[in-house]
2 protein chains.
Amino acid sequence: MGSMRLLPHPATEDIELTEVLRALSDPIRLKIVARLATVGEMTCGEAGDHLGVHKSTTSHHHRTLREAGVVCTKQEGRMKYISLRRDDLDARFPGLLDSILAASGDASPSAASRDQSVLAASGERGRR
Amino acid sequence: MGSMRLLPHPATEDIELTEVLRALSDPIRLKIVARLATVGEMTCGEAGDHLGVHKSTTSHHHRTLREAGVVCTKQEGRMKYISLRRDDLDARFPGLLDSILAASGDASPSAASRDQSVLAASGERGRR
DNA sequence: CGCATTGTTTGACAACCATAAAACAATGCG
DNA sequence: CGCATTGTTTTATGGTTGTCAAACAATGCG
């Protein structure tokens, strides 16, 4: 049962700034990341439902984010959960993710309620 | 003679996060911005010489950065100087530019004079 | 005025990208 | 085991991008 595998992703020191910025420069991927910051983790189907894109497109975005070092994927059963690599990103590029998350909250009109969750998730990070 | 024109660029509130991230996700443009952070301003030819790309390519990158709201262009005589829109970016996306500049200093070993100049330029603005 | 200097625009080209559909793979459930 | 569920890979397509070269435009200098 609970065989939990972790998919390969780049080491922290191999994460490149331009690739992270490029990964986050796509609106859909930015939404995925913003949502991950509040929700913690997410399956592929969940992301697709929430964003209204095809599942293969979602899979592609997840791969892009993973290869850029922004998320890591953990397989549990037949689902695959992706989650933010917050600690790794903070270690490599201090403050970057937080400022991007805060900025992504500003940009959306319905950010008022969401904004606090983002900040809360940002401050409550301590495990993993 | 002293006629100084300013080229059109997006208003602060129209700067979009994804476009800024996309503009900075190109290594050459990131170098341009990192250098602007230390040097203050720069002509097109200066940038081209320093980066080893064709002048038309440089011009294209300058346009991309300007349209994304990252730099503004000021024409003086027959030169055009570009400079970072630090205040506007800080107002719209607090902390974003600073964290990217700090990260770009860490990531690029080829940048000869870097982090302490970045901090100096950032500190000369009175904030932080 | 002519001309060199400084950038921009256009054209061309190869590479990459976001997207979707369909085929494929893996996994657990009954 | 068969099968539904969950994602990935493949294939195709339309759009975008980075690059250079060449033509064009603007500007000040002599």
Side-chain angles (χ1 to χ4, degrees), chain A residues 1-9 16 18-33 35-36 41-68 70-83, chain B residues 1-9 16 18-33 35-36 41-68 70-83:
Chain A
M1 61 145 274
S3 63
M4 188 272 270
R5 275 174 303 176
L6 202 67
L7 268 61
H9 54 278
E16 295 227 42
T18 51
E19 292 186 25
V20 171
L21 297 180
R22 158 117 188 49
L24 299 180
S25 72
D26 180 272
I28 290 201
R29 286 194 292 262
L30 187 60
K31 277 181 192 138
I32 292 176
V33 166
R35 188 165 164 79
L36 280 180
E41 58 182 17
M42 217 173 162
T43 71
C44 193
E46 198 176 332
D49 292 351
H50 203 263
L51 297 169
V53 290
H54 198 272
K55 61 174 181 172
S56 62
T57 304
T58 309
S59 179
H60 162 253
H61 285 314
H62 284 194
R63 180 215 270 254
T64 301
L65 287 169
R66 186 183 58 242
E67 289 179 346
V70 178
V71 306
C72 67
T73 307
K74 143 183 92 163
Q75 178 164 13
E76 217 163 326
R78 65 187 141 177
M79 322 252 217
K80 283 181 176 172
Y81 296 92
I82 68 173
S83 57
Chain B
M1 48 200 64
S3 64
M4 189 270 271
R5 274 174 304 176
L6 202 66
L7 268 62
H9 54 277
E16 294 227 41
T18 51
E19 292 186 24
V20 171
L21 296 180
R22 210 196 95 34
L24 298 180
S25 72
D26 180 273
I28 289 199
R29 286 194 292 262
L30 187 61
K31 277 181 192 139
I32 292 176
V33 166
R35 188 166 163 79
L36 280 181
E41 58 182 16
M42 217 174 162
T43 70
C44 194
E46 200 177 331
D49 293 350
H50 203 264
L51 296 168
V53 290
H54 197 273
K55 61 175 182 172
S56 61
T57 304
T58 310
S59 179
H60 163 251
H61 285 315
H62 284 195
R63 179 216 270 255
T64 301
L65 287 169
R66 174 166 33 89
E67 288 178 348
V70 178
V71 306
C72 67
T73 307
K74 145 183 90 160
Q75 179 164 13
E76 218 164 323
R78 64 187 143 177
M79 321 253 218
K80 283 182 177 172
Y81 296 92
I82 68 172
S83 57

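Residue numbering restarts at 1 for every chain, and letters A, B, ... go by the order of the sequence lines.
Atoms CD1 (Ile82(B)) and C1' (dT8(C)) sit 14 Å apart, rounded to a whole Å. Whole-Å rounding puts the Glu19(B) CD to dT17(D) C1' distance at 14 Å. With rounding to whole Å, Met79(A) atom CE is found 22 Å from dA25(C) atom P. Put simply, CG on Leu7(A) is 8 Å from P on dT8(D), counting in whole angstrom units. Here the P atom of nucleotide dG7(D) and the CG atom of Leu51(A) are 14 Å apart, to the nearest Å. The OH-P distance, from Tyr81(B) to dT27(D), rounds to 15 Å in whole Å. The separation between His54(A) atom NE2 and dC17(C) atom P is 21 Å, rounded to whole Å. Summarising the geometry, the separation between CD1 on Ile28(B) and C1' on dT19(D) is reported as 9 Å, rounded to the nearest angstrom.
For Val53(B), the side-chain atoms get nearest to dC20(D) when compared with the rest of dC20(D), dT6(C), dG7(D). Of the candidates dG7(D), dC20(D), dT27(D), dT27(D) carries the atom nearest the Gln75(B) side chain, counting heavy atoms from C-beta on. Across dT8(D), dC20(D), dT19(D), the shortest atom-to-atom separation from the side chain of Lys80(A) is found for dT8(D). Among the nucleotides dT19(C), dG7(D), dG7(C), the one closest to any side-chain atom of His60(A) is dT19(C). Among the nucleotides dT27(C), dG7(D), dT8(C), the one closest to the side chain of Ser59(A) is dG7(D).
A donor-acceptor pair under 3.5 Å is absent between the side-chain atoms of Ser59(A) and the main chain of Lys55(A), judged by distance alone. With hydrogens and angles ignored, the 3.5 Å screen pairs no side-chain donor or acceptor of Thr57(B) with any backbone N or O of Val53(B).
In this structure, Arg78(A) does not reach the dA25(C) phosphate: none of its side-chain N or O atoms is under 4.0 Å from OP1 or OP2. Distances shorter than 4.0 Å separate none of the side-chain N or O atoms of Lys55(A) from OP1 or OP2 on dT6(D). Between Arg5(A) and the phosphate of dA26(C), there is no side-chain N or O to OP1/OP2 separation shorter than 4.0 Å. Here Arg63(A) does not reach the OP1 or OP2 of dG7(D): none of its side-chain N or O atoms lies under 4.0 Å away. For dT17(D), the OP1/OP2 oxygens have a side-chain nitrogen or oxygen of Arg22(B) closer than 4.0 Å.
Donor-acceptor pairing under 3.5 Å is recorded for the side chains of Arg29(B) and His61(B).
A salt bridge links Glu41(A) with Lys74(A); the closest basic N to acidic carboxylate O contact falls under 4.0 Å.
Note: Leu21(B) CG to Thr18(A) OG1 = 12.5 Å, rounded to the nearest 0.5 Å. Interatomic distance, CD of Glu46(B) versus OH of Tyr81(B), reported as 8.0 Å (0.5 Å rounding).
In a base pair of the Watson-Crick type (N1 to N3 plus N6-O4 or O6-N4) or a G-U wobble (N1-O2 and O6-N3), with each distance short of 3.5 Å, dT27(D) is matched with dA4(C). With a cut-off of 3.5 Å on both Watson-Crick or G-U wobble distances, the partner of dT16(D) is given as dA15(C).
The nearest heavy atom of DNA chain D to Thr73(A) and to Asp26(B) marks one nucleotide each, and the one closer to the 5' end goes with Thr73(A).
Judged by distance alone, with hydrogens and angles left aside, Thr57(A) brings no side-chain donor or acceptor close enough to the base of dA18(C) to form a pair under 3.5 Å.
Across all strands shown, His62(B) has no heavy atoms under 4.0 Å from either base or sugar-phosphate atoms. Thr43(A) comes within 4.0 angstrom of sugar-phosphate atoms only, judged by non-hydrogen atoms across all strands, and of no base.
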